[in-house]
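Positions are given from 1, in the same order as the sequence printed here. Every value quoted in this text rests on a predicted model; they were computed, and no experiment measured them.
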Amino acid sequence: MKILLLVLTILFQDDNLTRAILFLTGATDPSELEVTEFERFESIASRPVPVNGKSLDRLVSAGLVTRYQAASISDYRKRLGDILSVEELSLVDGFNPETARCLALFLDFSPSSESISRKPRSDLTVRSSLKDGAVSYGGKYLFDKEGSWGAGAAFRLSYDGTLAGTFNLSRTSGRWRVVAGDLNARFGEGLVSWSGFEMSTFSSLSSFSRHGGGLSPVSSYSGAGTLRGAGGEASFGRFTLTSITYFDGLKERMEGGGGKITPNWRGNCSWRGRVGEGGVTLSTEGMMGVNWRCNLRGTDFFGEAAIRRKSGSGAFRGGTVFPLGEHFRSGFHLNILPSAYSGKKYGEYTGSWGLDYSDGVYTAVAGKSGFGSSEVRNKVTLSVSASLLPYPVKDPDRRRLKAVSTWNSRLSPMLQLSMRSVLTFRNFSPGSRIDTRADLTFSDGLFLSRLRGNLTLAGTAPGFLSYLEGGFTPGKDSYYLRATVFRADSWDSRLYSYERDAPGYFSVPAYWGRGWAFSAVGKKTAGKWKFYLRSSLVVKKEKPGSTELKFQLNRMF
C-alpha cells in the first residue's frame, strides 16, 4: 500500500517516473522513446506488480527484470522469506540500490500472505482534446484480479479522424497463462520476435541489451507495432514454453483499413537460472534465433544469433558490459543486420562502445527521506557508435558516427545540473548535426523550477531553444507552468523538448521557425478520482498561433 501511495503521488509524469523509465529502457532522453513505451510504464506504475506474488512471470513479461533476476528473487524468497522493502530488494543478487529505487515505482511489496485477500481492481479513463478547432477523444478500461484474470480495452480518435485502439483478455493459473487480443512478443535481443517499440540508437550502456519479457498483453490507445491474435505460455521448472498465433493485417482491417489478413506463428523455449538464461525462438517467416545472457564475476554477456532460411542470411546482436574498478563500467556492442535478413531497405552494421562513471559520493535530496533520499553527486555516461548503412541498390558507402554524452551533477540538496550532447556525423543527407543542452533544476520537494538552454547546429544552420518552468506539488496534486522561446530557421536544426502531459499522452514537439510557446499543466486528486488538464499555445513569426486544450478523467474502482 505504501508503494501504491508513492506511485499515485508521482504518477503525473514527474521527474522521478521519467528518470525510472529512462533507466529501464536505456534511453538518455524522452525524445528517444515513443508514446506506447511511456504508456506501458505508466500503466504498470498505476497497478504495481506484486514482488511476493505466486508467480514472477508478471515481472518478466512487464519488462521490469530479466528471467535470471526473477530466478534470483525466487531463490532469495525461498531462503529468507518475502521481500518487504526497496532496501531489501537492493540486497538481492542481480540488483543494486539504483536499480531497486527505479523498480520501486512499479512494484508492490505487500507480504505474500495478503495476496489471497487482494480484491479485483479496475479503473476507467476518459479523455478529450481540442486543437485548432479539431477534436480528439479516447477512453481506456482496465481490470485485474491478481493471479487469475486480466482485461483491458482502449481506443483513440485522432485529430485527423483516424481510429485506433487495443483490447485484451488474459487468464493465469499456476504455471500457465493465456492472452488473447493485442499482445507483445519480445524474446532475446529481438532478431526474430520483438513487437511494439524498439530503440533505434545505442545511447548508453543500459541500451546495449534488452529485457525481452516474452508474452504480455497490451492496453494502449494506439497499439502501434503490436500483434493481434492469441498466445499461451507454460512453465516447467526452469523452462518456459511460449506459442503465439497472430494475424498480420487484422488490426488494420478492424480499424477500417484494407489489405490482406495473413496468419503467422512465433514460438519460444526459454531457460533461466541463477547466473544466466537462454532461449530458442522460431517463426513461420522462416527465422530462427538463439539468445543468451549470463553474468560471470560481475561481467554481463548477452546476445542473439539468427538466420533467415529463405534468403540464407544471418544476423547477430549482442555484447558485454563489465566493471572497471569501483566507479567505472564499460561495454561493447555489435549489431549485424543485413537487409537480406531484415527485409528493410537498408542494412545496418554498427559497433558501439560505452563508458559509465559514478564518483561514489552521495548528496542528500531535499524533500526526501529514508532509502533513496540521496543521489550520486556526479554521474557521467558516454557512448560512441560507428555504423555502415548500405543500400543494396545505390549509395553502398553510407556511414554514420554518433557520440552521446551526459553529465548529471547534484550540486546541493536542492540544486542539480544536467548536461547532454549528441554529435552525429554522416556522409549522407541530412548531414552532420550537433545537439547540446544544459538544465539547471531547483527543487525543495514542494516547489520546482528549471531553466534550460539548448543549441543545435545542422551543417551551418543553427538552432536555439530555452525554457523556464515552475512547478508546485502539494501532496498528490501537481501544477506546472512553462514558457519557451525558440529559433531554428532550418528543419534540420529543429529542437525537441519533452513536455509534461497527462498519462497516455506523450508530448515531444519539434520546434522550428521563430516564436515562443506557453503551457500549463495541472493534476487534482479527490479520493479515487484524478483530473488532468493541459493547455498550450505556440506562436510562430508570420504564422497564426496554435492552441491545444486537453482534459482527462480517471476513476479507480
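For S342, the side chain to side chain donor-acceptor pair (under 3.5 Å) criterion is met by no residue, not counting sequence neighbours. D248 is linked by a salt bridge (Lys or Arg N to Asp or Glu O under 4.0 Å) to nothing, counting only residues two or more places apart in sequence or in another chain. Listed by chain and number, the residues in a salt bridge (Lys or Arg N to Asp or Glu O under 4.0 Å) with R40 are E37 (sequence neighbours excluded).
Residue R253 qualifies as enclosed at atom CZ: its count of foreign heavy atoms under 6.0 Å is above 12.
In this pair, H327 and Y357 present their aromatic rings perpendicular. The plane angle is above 60°, beyond the 30 to 60° band. The aromatic rings of W512 and W491 lie perpendicular to each other, with more than 60° between the two planes, well past the 30° mark.
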Test side-chain contact (heavy atoms from CB on, under 4.5 Å) applied to L107 and L89, step by step = CA-CA 11 Å; L107 300 179; L89 178 64; 3.7 Å; yes
Go through the steps to decide whether D435 and T456 satisfy the test side-chain hydrogen bond (donor to acceptor under 3.5 Å, both in side chains), and finish with yes or no.
-> CA-CA 4 Å; D435 188 337; T456 63; over 6 Å; no
Residues S216, S61; criterion side-chain hydrogen bond (donor to acceptor under 3.5 Å, both in side chains); working and verdict = CA-CA 5 Å; S216 61; S61 63; 5.7 Å; no
Evaluate the side-chain hydrogen bond (donor to acceptor under 3.5 Å, both in side chains) criterion for residues T240 and E233: first the C-alpha distance (whole Å), next the side-chain angles of each, then the deciding distance (0.1 Å), finally the verdict.
-> CA-CA 7 Å; T240 300; E233 64 181 19; over 6 Å; no
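Between R420 and E32, at least one side-chain nitrogen of the basic residue sits less than 4.0 Å from a carboxylate oxygen of the acidic one, meeting the salt-bridge criterion. Comment: R121 does not engage D123 in a salt bridge, judged by the lack of any side-chain N to carboxylate O separation of less than 4.0 angstrom. Between R317 and E304 there is no salt bridge, since none of the side-chain N atoms of the basic residue sits less than 4.0 Å from a carboxylate O of the acidic one.
With L103 as reference, V65 is the one residue of V86, V49, V65, L59 to meet the side-chain contact (heavy atoms from CB on, under 4.5 Å) rule. Screening D300, T66, D93 against N295 for a side chain to side chain donor-acceptor pair (under 3.5 Å) leaves a single residue, D300. When each of Y498, Y505, F197 is checked for a ring pair (Phe, Tyr, Trp, His ring centres under 6.0 Å) with F38, only Y498 meets the rule.
The closest side-chain donor-acceptor pair between D356 and T381, if any, does not fall under 3.5 angstrom. Residues N184 and T226 have side chains that never bring a donor and an acceptor to within less than 3.5 angstrom of each other.
Taking the six-membered ring where the residue is Trp, the centroids of Y76 and F95 are separated by 6.0 Å or more.
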